[in-house]
J.: 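To start, I am sharing the structure in question, which I have written as structure tokens.
Owing to the predicted nature of the structure, the values given are computational and were not obtained by experimental measurement. Just so it is clear: chains get the letters A, B, ... in the order the sequence lines come, proteins before strands, and each one is counted from 1. Side-chain atoms are counted along with the backbone in the values below, which use heavy atoms only and exclude waters and symmetry mates.
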There are 2 protein chains.
Amino acid sequence: MDERGSTPGVTLEDVARRAGVSPSTVSRILNGTARVRESKRRAVERAIAELQYQPNVIARGLARGHTMSVGVITPHIASPFYNETLTGIEDSLAKAGYSPLFVSGHGNLAKEVERVALLVARRVEGIILLNSMMDDEALLNCSQRLPLVTTGRHLQGPRVTSIQLNNEQAAFEATWYLIELGHTRIAHIAGPAHNIDAQERLAGYRRALLQAGLPVDERLIAVGEFHEASGLMALNQLLETRQSFTALFIANDQMAYGARLALYRRSIRVPEDVSLIGFDDLPSSLYTTPPLTTVRQPAYDLGHAVGEAMLRMINGQPVSQPDLPLSLIVRESTLRRRD
Amino acid sequence: MDERGSTPGVTLEDVARRAGVSPSTVSRILNGTARVRESKRRAVERAIAELQYQPNVIARGLARGHTMSVGVITPHIASPFYNETLTGIEDSLAKAGYSPLFVSGHGNLAKEVERVALLVARRVEGIILLNSMMDDEALLNCSQRLPLVTTGRHLQGPRVTSIQLNNEQAAFEATWYLIELGHTRIAHIAGPAHNIDAQERLAGYRRALLQAGLPVDERLIAVGEFHEASGLMALNQLLETRQSFTALFIANDQMAYGARLALYRRSIRVPEDVSLIGFDDLPSSLYTTPPLTTVRQPAYDLGHAVGEAMLRMINGQPVSQPDLPLSLIVRESTLRRRD
DNA sequence: CTGAAAGCGCTTACAG
DNA sequence: CTGAAAGCGCTTACAG
């Protein structure tokens with residue numbers, strides 16, 4: 001194996017000279033865009049090997065008019081959830097020779113707008129926005145010059161498509177599972193009100209209660225910000241209302257961690273005293289004490305679908321919604337109600 | 001605010017024509033590379049605004065001979081630890097107008113070598129390798145054509161520098177803290193033997209015991225793979241040796257999570273029965289039950305230093321080792337020994 | 001099948 | 001101060 005990689009500095013012209021052909025011919029061989037006499041092909045291939053030539057993707061992009069790159073804006077490059085998705089995007093794009101340009105929006109509108117500009121300056125061929133902070137109108141505007149794929153919202157247009165999972169149904173099933181376990185007082189820690197995923201999960205929670213003929217008690221619903229600290233605070237808040245509950249459906253795992261710690265602080269046992277269900281199935285949820293029952297998001301597959309959608313848009317092909325099932329992973333934070 | 005960003009398709013020539021000057025002049029104004037008559041400057045600036053012109057970074061890169069991008073290879077783009085570091089890299093690079101190209105090495109040599117080639121094809125001006133799988137020789141080879149900055153190893157050369165934290169000292173301090181708490185039987189779960197960080201942490205653990213006059217019992221040292229599952233297995237293994245211990249220093253937080261679960265399964269209480277110290281201070285370590293005492297790595301600052309080092313190398317300036325202190329964060333998984 | 005030439009969108013000596 | 005020209009490393013009609 002040769003880890004030395006290729007030699008920058010060697011150009012297509014060097015190859016042409018060495019092989020005794022014109023640059024055009026080398027280019028054609030490289031791209032398989034026309035048949036070339038076998039002897040020349042061999043000479044060129046040898047020259048390429050000897051010189052360790054590797055085409056300059058940048059120059060090729062300029063000449064061809066496309067950069068073979070797509071921008072990906074993440075809310076927080078540091079978030080544990082999105083990374084799986086990023087890997088999925090990277091893999092699907094790679095198959096078509098495209099590279100993702102990952103930049104972080106830092107969960108901040110101004111920053112995000114600035115990043116879009118940066119990506120445009122780099123002439124990406126499309127932009128993927130994971131749970132963008134921009135409103136629909138701004139996104140629609142963006143899509144006029146660049147194909148867009150987004151997650152976490154419902155937006156369809158000629159040059160924009162949203163890949164969305166069925167959060168509502170998954171939340172319904174999670175809540176329903178608690179109901180089946182005999183729980184009737186089920187609290188919910190929701191995500192931020194403006195967040196679509198949060199809204200859908202809340203809706204699924206409500207539908208399950210309704211369908212089971214249970215009352216929806218608004219005092220049992222607290223709102224967090226999708227991070228641990230807010231889960232902890234939301235739980236404390238719930239406890240302060242003095243409304244009893246024996247189970248909790250929490251809109252994401254990070255908040256569930258916070259809630260779990262709040263319970264630990266008050267010596268409320270999980271799952272004996274209260275059952276817990278999260279959402280996301282982060283890698284560490286398998287190792288919380290007790291391991292967390294949660295809804296698994298197909299994060300990698302989502303990324304893959306997003307990448308595929310982008311590729312199709314770039315090529316002007318129609319894109320359809322993929323079917324990406326969410327599934328309840330039952331572990332040890334839930335228990336049949338007993339009293 | 002205008003979220004529409006700029007208009008691709010508008011070229012510098014369009015601006016020149018509209019402003020009634022030559023492209024050269026527009027370029028000079030854009031780059032501040034020469035003084036231009038005030039009236040022309042104003043005309044050009046107006047044209048730029050009206051056309052919403054944004055320079056094509058790619059074309060500029062081709063012309064200037066540099067791409068303003070540096071490649072960053074991460075072991076696992078999905079790892080919770082590296083993301084902070086990536087943000088630091090991104091920020092420091094951004095200040096100089098550089099963009100990082102993040103790619104995942106997938107913790108796999110062949111993949112990593114492939115990624116290096118991809119980055120070279122994109123003509124990055126340097127490559128940052130976070131805990132690379134390549135051996136020193138391969139890295140040295142790489143550095144012959146591209147400046148390299150690495151972490152997690154000791155490597156210095158004309159075009160390669162390693163930014164390394166003092167893991168040994170931090171591990172020493174963590175272990176020493178346990179000793180101060182009165183623990184004498186302290187077990188260790190080490191990282192993979194080939195990993196330099198792991199070696200250093202093990203060395204620090206050993207030095208603390210030695211310095212305290214405590215015996216180093218090899219049966220109290222288990223080896224994991226830096227992920228949760230291996231921490232769980234390592235702890236089980238430790239238990240099977242039937243060597244008693246009242247405290248554990250674990251080479252990273254993820255393994256500490258696994259170990260903590262193993263203890264939970266056997267109803268061994270933390271910290272009453274055994275104290276636990278991890279390494280990394282992942283965001284979720286503040287929310288484990290109990291919150292984990294651990295060594296904080298300045299992950300963001302490390303990334304920042306790495307980015308700075310790369311910039312200096314690109315500019316041919318000398319780079320010096322930054323002073324990045326690790327610190328023990330005492331939380332609730334450690335307790336004075338009592339028996 | 002294959003070469004010479006023009007062009008992608010910039011920058012930068014080179015001459016005024 | 002400023003324009004015309006050449007060049008960065010490729011690709012791709014255009015003519016053989």
Side-chain angles (χ1 to χ4, degrees), chain A residues 6-45 47-48 51-69 97 119-125 145, chain B residues 6-45 47-48 51-69 97 119-125 145:
Chain A
S6 72
T7 311
V10 178
T11 74
L12 181 145
E13 218 178 311
D14 298 329
V15 174
R17 203 166 328 147
R18 179 147 191 153
V21 301
S22 75
S24 319
T25 301
V26 176
S27 175
R28 289 188 188 101
I29 289 173
L30 246 25
N31 300 299
T33 133
R35 35 176 89 264
V36 173
R37 194 184 311 160
E38 198 45 34
S39 65
K40 297 207 172 186
R41 166 185 305 281
R42 257 198 287 275
V44 168
E45 273 161 2
I48 287 177
L51 262 26
Q52 291 199 83
Y53 169 70
Q54 198 169 21
N56 181 330
V57 181
I58 303 294
R60 173 180 288 172
L62 226 207
R64 285 217 271 239
H66 50 244
T67 57
M68 303 305 284
S69 68
L119 291 172
V120 170
R122 294 218 162 237
R123 297 302 188 269
V124 294
E125 296 181 50
R145 42 180 60 103
Chain B
S6 72
T7 312
V10 178
T11 75
L12 182 145
E13 218 179 312
D14 297 328
V15 174
R17 201 165 329 146
R18 180 149 192 152
V21 302
S22 76
S24 319
T25 300
V26 176
S27 175
R28 289 188 188 102
I29 290 175
L30 247 27
N31 299 299
T33 134
R35 34 177 87 266
V36 173
R37 194 185 312 160
E38 198 46 34
S39 64
K40 296 207 173 183
R41 167 187 302 284
R42 257 199 287 277
V44 168
E45 272 160 3
I48 287 177
L51 261 27
Q52 290 198 78
Y53 169 70
Q54 198 168 23
N56 181 331
V57 181
I58 303 294
R60 172 180 291 174
L62 226 207
R64 285 217 271 237
H66 48 245
T67 57
M68 304 304 286
S69 67
L119 291 171
V120 171
R122 294 220 163 236
R123 295 301 189 271
V124 293
E125 296 180 50
R145 41 181 60 104

J.: Indicate, with a heavy-atom threshold strictly under 4.0 Å, whether A/Thr25 touches base, sugar-phosphate, or nothing.
T.: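 Sugar-phosphate contact only - A/Thr25 comes under 4.0 Å of backbone atoms but never of a base.
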J.: Would you indicate what B/Ser24 reaches in the nucleic acid, counting non-hydrogen atoms under 4.0 angstrom: base, sugar-phosphate, or nothing?
T.: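 Base contact.
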J.: With a 3.5 Å cut-off and no angle check, do the side chains of B/Ser24 and B/Ser27 form a donor-acceptor pair?
T.: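 Their side chains do not contain a donor-acceptor pair, so the 3.5 Å distance test is not met.
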J.: Measuring only between side-chain heavy atoms, which start at C-beta, is B/Arg28 closer than 4.5 Å to B/Lys40?
T.: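 The answer is no; the side chains never approach within 4.5 Å.
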J.: Only pairs with both distances under 3.5 Å count, Watson-Crick or wobble alike; so what is the partner of D/dA4 in this structure?
T.: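 Per the H-bond distance test, none.
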J.: Using the C1' atoms only, state how far D/dT12 lies from D/dG16, rounded to an integer number of Å.
T.: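 Each nucleotide's C1' atom is 16 Å from the other's.
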J.: Does some side-chain heavy atom of A/Leu30 sit less than 4.5 Å from a side-chain heavy atom of A/Ile48?
T.: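 Yes - at least one pair of side-chain heavy atoms lies under 4.5 Å apart.
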J.: Does the pair A/Arg41/A/Glu38 count as a salt bridge with the N-to-O cut at 4.0 Å?
T.: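 Yes, this pair counts.
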J.: Check every strand shown and say whether A/Thr11 touches a base, only sugar-phosphate, or nothing at a heavy-atom separation below 4.0 Å.
T.: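 Sugar-phosphate contact only - A/Thr11 comes under 4.0 Å of backbone atoms but never of a base.
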J.: Would you say that more than 12 heavy atoms from the other residues, nucleotides or ligands in this model lie under 6.0 Å from the CD of B/Glu45, or not?
T.: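 Yes, the 6.0 Å shell around CD holds more than 12 heavy atoms from other groups.
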J.: Taking any strand in view, what nucleotide pairs with D/dA13 in a Watson-Crick or G-U wobble way, both distances under 3.5 Å?
T.: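 Checking every strand shown, D/dA13 finds no partner, since no pair has both distances under 3.5 Å.
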J.: When you list every nucleotide of DNA chain D with an atom under 4.0 Å from a heavy atom of chain A, which one comes first 5' to 3', and which comes last?
T.: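 Using the under 4.0 Å cut-off, the span is D/dG9 to D/dA13.
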J.: Measuring from A/Leu12:CG to A/Arg17:CZ, what's the distance to the nearest 0.5 Å?
T.: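 Output value for this atom pair is 10.5 Å.
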